[in-house]
Each structure stands twice: as C-alpha cells, then as structure tokens.
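This report refers to the structure that appears directly beneath it.
Basis for what follows: all heavy atoms, side chains included, without hydrogens, waters or symmetry-related copies. Quick caveat, the model's predicted, so the values are computed rather than measured. Letters A, B, ... mirror the listed sequences (proteins, then strands); counts begin at 1.
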There are 2 protein chains.
Amino acid sequence: MAGVSTATVSRVVNRPESVSEELRTRVNLVIEQLGWVPNAAARALSSNRTGAIGAIFPALALGDFARAIDAMQDALAARNHLLLLARSQYDPDLEFSQARKLVERGVDGLVLVGSTRSAAFESFLSRIEIPYLNSFVFDAESPVPCVGPDNAVSMSEMVDHLVSLGHRRFGMIAQTTRNNDRAAARRDGVRNALARVGLAIPPQGLVEGEWDIAEGRKLFRRILDATPRPTAIICGNSMLAVGAVLEAAAAGVDVPGEMSIVGYDDIELMSELPIPITTVRVASDDVGRVAADTVLDMIEGRAVGSQRIRSQIVVRASSGPVPSD
Amino acid sequence: MAGVSTATVSRVVNRPESVSEELRTRVNLVIEQLGWVPNAAARALSSNRTGAIGAIFPALALGDFARAIDAMQDALAARNHLLLLARSQYDPDLEFSQARKLVERGVDGLVLVGSTRSAAFESFLSRIEIPYLNSFVFDAESPVPCVGPDNAVSMSEMVDHLVSLGHRRFGMIAQTTRNNDRAAARRDGVRNALARVGLAIPPQGLVEGEWDIAEGRKLFRRILDATPRPTAIICGNSMLAVGAVLEAAAAGVDVPGEMSIVGYDDIELMSELPIPITTVRVASDDVGRVAADTVLDMIEGRAVGSQRIRSQIVVRASSGPVPSD
DNA sequence: TTGTAGGCGTTATCAC
DNA sequence: GTGATAACGCCTACAA
C-alpha cells in the first residue's frame with residue numbers, strides 16, 4: 001500500500017534512521033491508516049527475542065513483592081520490555097513448572113526470588129541459556145547475580161537495636177523457613193546477632209507461621225505462655241507483627257512497656273496502628289528496578305554483579321527500653 | 001532423532017490420541033531426553049493463537065484485585081492459558097496503551113476492569129476482533145459481557161442496614177470517582193438508597209480520596225467537623241475505612257456508640273482490628289474465576305452473558321444502633 | 001497412522 | 001537507501 005517492500009517497513013519500524021525521511025513518513029502514514037501493529041510472534045520467531053521478561057514471585061500481593069513488581073514493570077517498560085508474572089505460592093515444584101512455562105513462552109530473561117532451588121531446577125536453568133538472577137537475597141559470592149537486601153544483616157541490626165535497649169530475653173515469630181531462604185536468613189541473622197552477645201532464643205520462644213494477622217495473634221499467644229516471658233519479640237514479616245501487636249493489646253500486654261514487638265517489611269499499616277511498629281524497611285522498589293535493569297543488561301551481554309539493596313531499621317513506638325522488672 | 005517427521009511430533013504433543021501408542025512413547029522419550037520445549041512464538045504464528053489472556057487492572061496489590069488475579073491465573077492455567085498482567089494505575093490513557101501492548105503481544109482475549117472508556121479505546125476494541133469483557137461491574141443490558149458485583153446494589157444494601165439501625169445522618173468517604181465507574185456506582189448506590197427513604201448526604205458530608213489509611217484518617221477528620229455530625233459514615237474501600245476507624249479511636253470517638261463506620265471490600269485486617277469493621281464482601285475470587293472462564297468461552301465461540309457475582313454485607317462491631325442523642 | 005509441503009509475519013542477508 | 005528472499009519453528013491440509 002505504501003509501495004515499498006516489507007523489508008523497508010521493518011526498517012521504518014525498527015531503525016527509522018536507516019531509511020529516507022520521505023519513505024519514513026509515507027510508510028508511517030499507511031501504518032497509521034491501516035491500524036497495523038507488528039505481530040509479536042512473528043517478530044519473536046524471526047529475531048529470537050520476545051522482549052518479555054519473566055518473573056516468578058511467591059505471591060503477588062505481599063507488601064515487598066508488590067512494590068518490587070510495580071517498580072520492575074516500570075523499569076522494563078522504560079526499556080521496551082514486558083513483564084510476565086507468575087506465582088509460585090512458596091512451592092518449589094510450582095516455581096519450576098512456572099519457569100518452564102515462561103521459558104516456553106520465550107522470555108528473554110528470568111527474575112527469580114531467593115537462591116535455593118532443586119538440582120533439577122538448577123540444571124534446567126543452566127541448560128536454557130537465558131539470563132536469570134536471584135532477587136530479594138544478597139550474596140556477594142554467588143555465581144548468579146543477586147539483587148536484594150542482606151536479610152541476615154538487616155535482622156542483626158534489629159537485634160542490635162533491641163539489645164541496646166537492654167533486652168536480653170528474646171522471642172521470635174519467624175516466617176516459615178521451609179522453602180524460604182530469605183526467612184531462614186532472617187532467623188539466622190537474629191540467632192547470630194544474639195550469639196555474638198552471648199544470648200539465644202529458647203526453643204519455646206521460637207515459633208513459625210505464614211503471613212497473616214490471625215497467625216501472628218495465635219503465635220504471639222503461644223510465646224506469651226513461655227517462661228520466662230521474653231521482653232522482646234521479633235516478627236518475620238509485617239502481618240505477623242501486626243497480629244502480635246493487636247493480640248498484645250487484646251491481652252492487655254503493654255507495648256512497649258512490658259514488651260517490645262518489631263517486624264520486618266514496612267507497609268503503611270505498620271505506622272498507622274495505635275502503636276506504630278518498629279520494623280525493617282527494605283527498598284523493595286529498588287529491588288524491582290535494579291533487578292529489571294540487571295537482567296536487561298545481562299541480555300545485552302553486559303557484565304553485571306550482585307547488588308545489595310539498602311535496608312534500614314525504622315524505629316517506632318512498639319520498641320522501647322527493657323522493663324525494669 | 002525419533003525417526004519421525006515433525007508433523008508427527010506435533011501430533012504427539014497436541015493430539016496424542018491421534019498417534020499410535022508406540023510412536024507416542026518413542027517420541028515422548030526423545031522429547032524428554034532432549035529437554036525440548038515447543039516454541040510458543042512459532043506455535044502462535046502458525047496457529048494464530050497464543051494461549052495467553054491479557055488483563056489490565058488499576059492496581060495489582062489491592063485486596064479485591066489481588067484475589068481476583070490469583071483466581072484468574074489458576075482458572076486460566078487449568079485450561080492451559082497464561083495470564084499477562086498489566087497495570088493502569090486508574091489512568092485511562094495508560095489503560096489504553098497497555099491494551100495495545102497486550103494486543104500486539106497477541107493475547108487471545110482481554111479482561112478489563114469497569115465499563116466506561118474513551119471512544120478511541122472503544123473503537124480500538126471493536127476493531128481488533130478479539131474477545132474481551134468488563135470485570136468488577138455488572139450491567140445486564142451491556143452488549144459486552146460483564147462479570148462482577150452490582151456495586152450500586154451492594155452499597156444500597158449497606159445503607160439499608162444502617163437505616164434499619166436508625167441512622168438518618170450520613171457521611172461518605174468515597175473512593176475517587178474520577179476514572180472509576182465502580183466507585184461512582186457505589187457512591188450513587190448510597191445516594192439512591194438514601195433518597196428512597198427521603199434522606200441525603202449533605203455536601204460537606206461527602207468527601208473523596210484514594211485508598212490509603214492516611215487518607216482515610218484525614219478525610220474522617222474533615223467529616224467530623226461537619227455540623228450536624230453524621231452518625232454513620234460509609235467508606236468507599238477497605239483502607240479508607242481502616243483509616244476512619246483508627247482516626248475515630250485516636251479522636252476519642254466511640255465506634256459504634258457515637259458513630260457507625262462501614263467499609264467496602266473485606267480484607268483480613270477489617271476483622272482483626274480492635275473494632276472489627278462492617279463491610280461489603282465481594283466474592284472477588286469468583287470474579288477472577290468466572291472472568292477467566294467467560295473469556296475462554298468467548299474465544300471458543302460459545303455464547304456467554306453477563307454474570308453477576310455475589311456480594312454480601314458482613315456485619316461487625318463497627319456498626320450499631322444510632323445514638324439516642 | 002504417518003509423511004510432505006506450504007504458510008504464518010517478521011527479520012536479516014544479500015544484492016542492487 | 002531499497003528490494004528480493006531465505007530463514008525462524010511450528011501447524012495443518014493433503015497425500016500416501
């Protein structure tokens with residue numbers, strides 16, 4: 001219709017500067033009139049690139065993941081890429097099968113969460129030859145690039161904060177560590193930081209749960225029964241912390257007078273509750289943004305390394321000096 | 001490698017019953033050994049179907065949308081389809097451009113939120129010839145299938161609940177109605193239900209906000225200053241309601257003794273706060289599931305109609321009899 | 001039941 | 001600067 005070959009149309013669309021201005025405008029006009037849009041499948045088949053990045057998250061609506069996803073989408077869009085999202089529900093098998101699907105779909109790169117996976121998954125990843133990275137974890141030594149906070153260090157800092165307030169008896173409502181190396185790292189970060197000052201969490205002071213408020217309440221109750229009762233409770237995520245704080249109020253436990261409660265991940269609710277909650281704030285949007293840029297850099301063959309994303313303790317009213325007894 | 005033609009491999013993969021058992025196992029074995037996966041681009045190019053459904057939501061992490069997305073993904077996976085998610089941030093232009101991108105990507109169907117859109121978007125949708133539907137709204141008359149609750153009716157029921165408790169002076173913290181026909185329908189549902197019993201919200205009793213707790217607090221403060229002070233406040237979403245209830249507590253307003261506060265959308269937090277919040281619970285996962293099945297049915301050429309998704313009032317402690325004055 | 005071959009809409013490699 | 005034309009990997013008549 002424009003009186004040119006398909007090759008020229010392709011040039012107009014992909015490398016407009018390589019074509020004469022006259023043709024360019026003529027072709028663009030026709031494209032406009034026809035409402036023509038390039039066929040992504042044909043393009044992918046021919047160029048062996050889809051312009052899509054796959055990402056597999058345990059869940060899509062959790063505070064930190066949600067922020068990372070938003071940021072990632074924006075960063076990818078800025079470089080003309082699309083994000084294909086999948087959800088593993090903390091199930092390694094599902095994660096693997098979702099990865100297969102995304103690869104079948106021809107994603108140019110893959111963003112995963114965490115760094116521990118089955119041998120089968122590992123070998124699949126090494127076979128497929130597309131770049132991938134681990135997000136929400138950090139390990140400078142890792143052969144595959146990591147983009148995330150150092151979970152253990154974040155939690156150690158939280159322990160330091162509480163120890164400096166005089167706390168010596170600790171409890172922890174950890175997020176389930178099964179299939180979750182970030183949660184395990186956070187728990188270990190607490191343990192190690194305590195060990196450094198000669199402290200430890202007694203067995204009955206360490207409980208594990210998923211991530212809803214009801215679970216936080218229930219587990220907080222359980223820790224309350226421990227003797228001696230801890231003066232500081234560290235929660236593995238935001239919802240568990242919210243549950244613990246709400247249950248403390250319901251049980252008439254004075255926070256932070258009798259007991260300090262802290263969390264991990266800073267969602268709006270943490271600061272809006274009657275007793276705002278001390279927590280670890282991870283720059284999750286940076287995780288998403290940097291992960292996007294890193295995986296695109298890898299695709300373009302640039303050398304990339306692991307990047308640690310900053311996190312900080314946000315001190316609020318839920319943590320305070322140890323009770324004088 | 002299996003000593004068969006590519007056509008046979010294709011049959012083994014797509015219509016295994018049409019191939020002899022011997023060949024089937026032989027081919028499958030080789031597929032396994034090779035780690036071969038079908039190339040989705042080639043498949044799409046050849047069959048003119050990508051097996052992907054696009055969905056554009058205002059946001060991905062909001063309670064009701066998040067649940068719908070999860071359910072949709074599962075329902076699509078059960079029928080061998082992939083969900084491509086995009087986010088419009090309540091911006092009609094962005095929604096349109098995301099739709100274009102998804103269509104370029106070759107999605108077989110589209111799930112949209114709401115039913116009002118620009119003429120340009122409308123005409124684009126009618127041109128592209130791929131099935132699409134409106135979710136989270138219901139309109140039996142609509143030419144394009146709808147899958148969602150009847151926002152207006154849900155809110156009317158809430159008004160009826162409050163009226164039956166004796167309330168006559170109402171305030172509303174509506175979700176911004178700009179670019180949001182669901183929010184507008186909810187607001188109108190309130191208005192109409194009130195009008196039916198000869199009541200109305202005074203101008204200073206109706207405020208609009210987005211959807212975070214801080215905003216709920218701020219707007220609640222504003223309504224508190226209204227004279228006469230309303231005895232019942234209806235919030236347009238869950239976060240606004242949470243903010244209102246928290247601010248009421250902070251301001252020393254007895255809920256529901258002095259004032260009833262209700263919300264829309266039932267997230268876990270609503271029932272876990274010190275004063276659990278009366279709200280409208282929409283079966284959002286049904287929205288997602290039914291939307292997925294409906295759009296797939298449309299793709300397969302089956303006749304489909306609009307489907308109303310159930311919603312119900314969940315009465316909790318935040319609503320009670322009007323104060324005796 | 002299985003193989004042959006054309007075509008899907010681009011991109012990329014050559015010529016010109 | 002532009003046009004032919006051969007891939008790209010699969011699906012699907014059609015033929016055997």
Can you tell if the side chain of B:Leu110 reaches within under 4.5 Å of the side chain of B:Leu125, non-hydrogen atoms only?
yes
Taking the side chain as everything from C-beta on, heavy atoms only, tell me whether A:Val113 gets closer than 4.5 Å to A:Arg182.
yes
Identify whether NZ of Lys or CZ of Arg in B:Arg117 sits under 6.0 Å from the centre of the six-membered ring of B:Phe96 and within 45° of that ring's axis.
no
Should B:Arg289 and B:Asp286 count as an ion pair when the cut-off is N to O under 4.0 Å?
yes
B:Asp265/B:Arg67 ion pair, N-O < 4.0 Å
yes
Say you draw a straight line from OG1 of A:Thr116 to CG of A:Asp181; how long is it, rounded to the nearest 0.5 Å?
3.5 Å
Any N/O donor-acceptor pair, A:Ser46 side-chain to C:dT10 base, under 3.5 Å:
yes
Please list residues of residues 31-41 of chain A whose heavy atoms come under 4.0 Å from any atom in DNA chain C, ordered by number; otherwise none.
A:Trp36, A:Val37, A:Pro38, A:Asn39
Pick one: which of B:Asn48, B:Thr50, B:Asn14 meets side-chain hydrogen bond (donor to acceptor under 3.5 Å, both in side chains) with B:Arg43?
B:Asn14
[atom1] of [X] versus [atom2] of [N]: gap in Å, rounded?
| X | N | atom1 | atom2 | result |
| --- | --- | --- | --- | --- |
| B:Glu104 | C:dG9 | CD | C1' | 14 Å |
| B:Leu45 | D:dC8 | CG | P | 14 Å |
| A:Arg49 | D:dA7 | CZ | P | 23 Å |
| A:Arg43 | D:dG9 | CZ | P | 18 Å |

Exactly one candidate in B:Asp64, B:Val287, B:Leu85, B:Asp74 meets side chain to side chain contact (heavy atoms under 4.5 Å, CB included) with B:Ile69; the answer is B:Leu85
Nucleotide N/O of nucleotides 2-6 of chain D paired with protein N/O under 3.5 Å:
| from | atom 1 | to | atom 2 | distance (Å) |
| --- | --- | --- | --- | --- |
| D:dT2 | OP1 | A:Ser20 | OG | 2.7 |
| D:dT2 | OP2 | A:Ser20 | N | 2.8 |
| D:dT2 | OP2 | A:Ser20 | OG | 3.3 |
| D:dG3 | OP2 | A:Ser5 | N | 3.3 |
| D:dG3 | OP2 | A:Ser5 | OG | 3.4 |
| D:dG3 | OP2 | A:Thr8 | OG1 | 2.4 |
| D:dG3 | N7 | A:Arg11 | NH2 | 3.2 |
| D:dG3 | O6 | A:Arg11 | NH2 | 2.6 |

Would you say A:Asn48 places a side-chain N or O within less than 4.0 Å of OP1 or OP2 belonging to C:dT11?
no
